[in-house]
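This report concerns only the one structure given below.
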Protein chains: 2
Amino acid sequence: MPADPLSRVFSALADPTRRDMVARLAVADATVNGLAEPYDVSVQAVSKHLKVLEDAGLVSRSRQAQRRPVHLEADVFDLMTTWIERYRRQAEERYRRLDDVLQTMPDDVDTPTPSTQTGAPS
Amino acid sequence: MPADPLSRVFSALADPTRRDMVARLAVADATVNGLAEPYDVSVQAVSKHLKVLEDAGLVSRSRQAQRRPVHLEADVFDLMTTWIERYRRQAEERYRRLDDVLQTMPDDVDTPTPSTQTGAPS
DNA sequence: TTGCTCTTCAACCGACTGGTTGACAACAAG
DNA sequence: CTTGTTGTCAACCAGTCGGTTGAAGAGCAA
């Protein structure tokens, strides 16, 4: 329960069955039994999956008689995309700059094997 | 081991320590010991984390004497972003259309009868 | 050779996960 | 009220996960 939101979302989508549920919920809301129908698992297992998705904020549920329609909350996707884009941009920018090879290796300053540089360090 | 690539990437990033490693690797490559230094865990644990990231394709490793520099492979991010964007777009589009409420909660149509639900209760 | 550093491998441990079955609450319809 | 549908809760089980410690492999430096 005390996991950070980002971990919960990534973890929730790490399961193929849950990803498939999300994919189907993107098309239309569904009930638990309706969601469980294509899979070869018990309805209780699907209910557990839905709890994981709900705890991650990916899904919300209302009441309708004895049914509990499941609705996809796509806003949480932004949590991931912002995180991903941030570091991808950093990595790409670093890749674009060529001089970063000078900074990649030295863990400590006294590099044991000197002069391996191309000899013309600016 | 036979998990699909998408599951591996999501699962790898579900851990906060591994996400932090990715964040630091976006800035610069690093060695195992260098990566392990800020964390309060053993170097072996960090080595395990790196194996997970490597199996997910998020990281590559070269040889350099007895060191094994770790390099971030940002291309795998696209796997996630395409998946996410696909279903977010579907969900948003569905949200924009108003008439879908007619399909999600049919009030007085012939839906409550489960006779034509799935046909084969197996 | 003998060391020393960096890293991984192997075994083990507690906690969590995804699945099961069984019981039960809530509601609709007969 | 009784029956049937829908969904959750509880207990249990095997497997995975993140962590540990200990040993060992791979490469440089004396």
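Naming: A, B, ... by sequence-line order, numbering from 1 per chain.
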Please state whether the rings of A/Phe10 and B/Phe10 are parallel, tilted or perpendicular, taking 30° and 60° as the class boundaries. tilted

Atom CZ of A/Arg8 and atom C1' of C/dC16: how far apart are they, to the nearest Å? 15 Å

Which residues pass the side chain to side chain donor-acceptor pair (under 3.5 Å) test with B/Thr81, sequence neighbours left out? none

Please report the interatomic distance CZ(B/Arg8) to CG(B/Leu58), rounded to the nearest 0.5 Å. 10.5 Å

Taking the side chain as everything from C-beta on, heavy atoms only, tell me whether B/Phe77 gets closer than 4.5 Å to B/Val22. yes

What residues from residues 41-51 of chain B pass a heavy-atom cutoff of under 4.0 Å to DNA chain C? B/Gln44, B/Ser47, B/Lys48

Give the table of side-chain donor-acceptor pairs shorter than 3.5 Å for residues 42-54 of chain A, with sequence neighbours excluded, one pair per line with atom names and distance.
| residue | atom | partner | partner atom | Å |
| --- | --- | --- | --- | --- |
| A/Ser42 | OG | A/Ala45 | N | 3.3 |
| A/His49 | ND1 | A/Arg18 | NH1 | 3.1 |
| A/Lys51 | NZ | A/Asp55 | OD2 | 3.3 |

Output one line per pair: protein atom, nucleotide atom from nucleotides 24-26 of chain D, and distance, for all N/O pairs under 3.5 Å.
none

Using atom types as modelled and distance alone, determine if a side-chain donor or acceptor of A/Thr31 lies under 3.5 Å from a backbone N or O of A/Pro69. no

Just so I know, are the side chains of A/Arg68 and A/Arg63 near enough to count as touching, which here means a heavy-atom distance under 4.5 Å? yes

Does A/Arg67 come within less than 4.0 Å of A/Asp29, counting only side-chain N to carboxylate O? no

Would you indicate whether the side-chain heavy atoms of B/Val27 and A/Arg94 approach each other to under 4.5 Å? no

So, does B/Arg19 use its side chain to make a donor-acceptor pair with the main chain of B/Leu13 at under 3.5 Å? yes

Protein-nucleotide distance (B/Asp15, atom CG; D/dC17, atom C1'), rounded to Å: 9 Å

State whether B/Asn33 places a side-chain N or O below 4.0 Å from either non-bridging phosphate oxygen (OP1 or OP2) of C/dT5. no

Rounded to whole angstroms, how far apart are CZ on A/Arg67 and C1' on C/dA29? 12 Å

Rounded to 10 degrees, the angle between the two terminal axes of the helix from C/dT1-D/dA30 to C/dG30-D/dC1, each from five pairs: 10°

Could you grab the distance from atom CG of B/Asp15 to atom CG of A/Leu6, nearest 0.5 Å is fine? 11.5 Å

Nucleic acid contacts of residues 54-61 of chain A, taken as heavy-atom distances under 4.0 Å to DNA chain C: none

Nearest 0.5 Å please: distance from the OH atom of B/Tyr87 over to the CG atom of A/Leu72. 11.0 Å

Tell me whether the side-chain N/O atoms of B/Arg18 come closer than 4.0 Å to OP1 or OP2 in D/dG18. yes

Looking at side-chain heavy atoms only, is the closest gap between A/Val32 and A/Arg61 below 4.5 Å? yes

In whole angstroms, how far is the P atom of D/dC17 from the CG atom of B/Leu53? 13 Å

Upstream residue (5' side of DNA chain C) when A/Ser11 and B/Val32 are each assigned their closest nucleotide: B/Val32

